Number of protein chains: 2
Amino acid sequence: MLRISRLADYALIIAHFLQQQASLISLEAIAEKTNIPLATVRKLLRYLVQHQIVKSVRGARGGYLLAKPGNCISVADIIEAIEGPIALTECANITQSCQCELSPHCHLKEPWQQINQQLHITLKKVKLTDINASVSSTQQVSSDALQTITTIEPLPIEPSPVKID
Amino acid sequence: MLRISRLADYALIIAHFLQQQASLISLEAIAEKTNIPLATVRKLLRYLVQHQIVKSVRGARGGYLLAKPGNCISVADIIEAIEGPIALTECANITQSCQCELSPHCHLKEPWQQINQQLHITLKKVKLTDINASVSSTQQVSSDALQTITTIEPLPIEPSPVKID
DNA sequence: TTCATTCTATACCAAATCAGTATTGATTTT
DNA sequence: AAAATCAATACTGATTTGGTATAGAATGAA
């Protein structure tokens with residue numbers, strides 16, 4: 001399925017939570033407040049620290065905090081911290097050569113890279129600060145990045161422009 | 001990983017191949033030409049037929065062909081035919097209620113639904129006709145849907161607009 | 001009318017991935 | 001030195017995925 005892993009989903013919840021904290025907060029407290037199992041939070045924070053999304057302070061009275069302002073952390077950043085590069089297909093990943101055995105016969109590599117780039121841009125535009133805890137079920141939109149989503153023009157149902165092939 | 005299944009990838013290859021055929025073509029021929037295992041092609045064609053992307057003709061001299069023009073079939077259509085609804089997270093799927101046990105505590109449902117809708121629109125815009133077999137390694141872009149991808153403005157690195165929260 | 005051809009449907013299995021956990025170690029404060 | 005807290009690795013069970021096998025149904029042609 002075209003789905004981010006549950007762990008990446010958790011990581012976004014954690015990052016979003018950290019954004020609301022004024023100071024250091026311990027692993028244990030994060031687990032408690034987010035309702036995510038402790039051992040899982042520990043694993044996720046490791047990835048987030050490694051990717052400079054979160055900073056950690058060791059020792060007694062240590063804990064975690066965001067490494068940078070929430071408007072400098074995107075959904076894409078968090079997904080990539082947990083899952084590695086965003087790549088809809090193996091061949092869409094420009095950071096490594098494609099091992100797909102079909103690639104000698106397949107002509108879709110470049111289209112996939114372009115589609116993937118589009119997706120990446122979309123997810124990169126949505127920052128932590130754009131994600132506002134929705135109060136009850138009221139639809140509440142805040143940032144440009146998410147605002148445009150609801151105001152985008154409807155898709156053409158009939159044939160699209162001529163192919164330039 | 002944020003990746004479409006390999007089967008969905010195969011399905012796009014098959015659909016793209018069918019688009020280039022003038023008439024009915026048999027399962028066996030499709031498998032041969034695309035280098036995808038026969039049994040796998042059989043399974044995929046079943047999904048594509050069920051979702052009215054491909055038409056089948058039974059009996060001797062039967063085979064498959066696209067059910068509609070290539071510019072009316074999107075990458076999203078094909079992914080959904082194979083994988084079901086596109087949903088980056090469980091709660092992004094508006095076609096069924098969310099079973100995630102974190103949902104009572106989680107505030108990210110609506111943001112995810114918006115991000116997901118954006119992704120869906122992106123994939124819906126790319127039609128089969130937009131995907132042109134790339135000749136060798138020459139970068140070759142054809143349709144508007146893919147063209148815009150490369151001409152999109154760079155992302156702001158510094159803080160984004162004020163939060164309206 | 002019968003047979004070969006071709007699509008249809010279901011069920012199964014092995015391998016890969018994922019979520020979750022346990023454990024031992026390192027660092028800092030008191 | 002002891003307590004608190006983060007770091008790193010490795011393991012396991014469950015789920016998903018890719019791939020396959022097999023029996024069945026429809027159609028066209030001899």
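Each chain gets a letter, A, B and so on, in the order the sequences are listed, and its residues count up from 1. The structure presented is a predicted model; accordingly, all values stated were derived computationally and were not measured.
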Would you grab the first and last nucleotide of DNA chain C (5' to 3') that comes under 4.0 Å of any non-hydrogen atom in chain A? C:dA19 to C:dT30
Ranking A:L45 and B:S5 by the position along DNA chain D of their nearest nucleotide, the one closer to 5' is A:L45
Listed by chain and number, what are the side chain to side chain donor-acceptor pair (under 3.5 Å) partners of A:E80, not counting sequence neighbours? A:H120
Could you grab the distance from atom CG of B:L12 to atom CD1 of B:I79, nearest 0.5 Å is fine? 7.5 Å
Hydrophobic cluster (4.5 angstrom, side-chain heavy atoms) - remaining members for A:L65: A:L24, A:V57
Please report the closest heavy-atom contact between A:N116 and A:A87, naming both atoms and the distance. OD1-CA, 3.4 Å
Here's a test for you: under side chain to side chain contact (heavy atoms under 4.5 Å, CB included), which of B:I30, B:I14, B:L66, B:L44 qualifies with B:V54? B:L66
Within the distance-only criterion (no hydrogens, no angle test), does the side chain of B:D130 pair as donor or acceptor with the backbone N or O of B:K127 below 3.5 angstrom? yes
Net bend of the helix from C:dT1-D:dA30 to C:dT30-D:dA1, end axes of five pairs each, nearest 10 degrees: 10°
With the threshold set at under 4.0 Å for non-hydrogen atoms, list the residues of residues 31-42 of chain B touching DNA chain D in residue-number order. B:P37, B:A39, B:T40, B:R42
Across all chains, not counting sequence neighbours, the side-chain contact (heavy atoms from CB on, under 4.5 Å) partners of A:Q50 are A:R46, A:Y47
B:M1-B:I86 co-clustered via ILVMFWY side chain contacts under 4.5 Å: no
In residues 48-62 of chain A, which ones come under 4.0 Å of DNA chain C, going by heavy atoms? A:R58, A:G59, A:A60, A:R61
Tell me every residue that passes side chain to side chain donor-acceptor pair (under 3.5 Å) with A:D77, counting only those two or more places apart in sequence or in another chain. A:S74, A:K124
Got a sec, which residues hit side chain to side chain donor-acceptor pair (under 3.5 Å) with A:S97, two or more places apart in sequence or on another chain? A:Q99
Please check this pair: side chain of A:T40 against backbone of A:I36, looking for a donor-acceptor N/O pair closer than 3.5 Å. no
Which part of the nucleic acid, if any, lies within reach of B:R6 when heavy atoms closer than 4.0 Å are counted: base, sugar-phosphate only, or nothing? sugar-phosphate
For A:S5 and A:E83, which I'm curious about, is there any donor-acceptor pair between the side chains at under 3.5 Å? yes
So the contacted stretch of DNA chain D, first to last nucleotide with an atom under 4.0 Å from a non-hydrogen atom of chain A, runs from D:dA4 to D:dT17
Can you confirm whether more than 12 heavy atoms, excluding those of A:I94, are under 6.0 Å from its CD1 atom? no
Contact class for B:Y47 (heavy atom, under 4.0 Å): base, sugar-phosphate, or nothing? nothing
The criterion is side chain to side chain donor-acceptor pair (under 3.5 Å); which residues satisfy it with B:S56, sequence neighbours excluded? none
Going by the salt bridge (charged side-chain N to carboxylate O under 4.0 Å, His left out) test, which pairs reach into residues 22-45 of chain B, not counting sequence neighbours? none
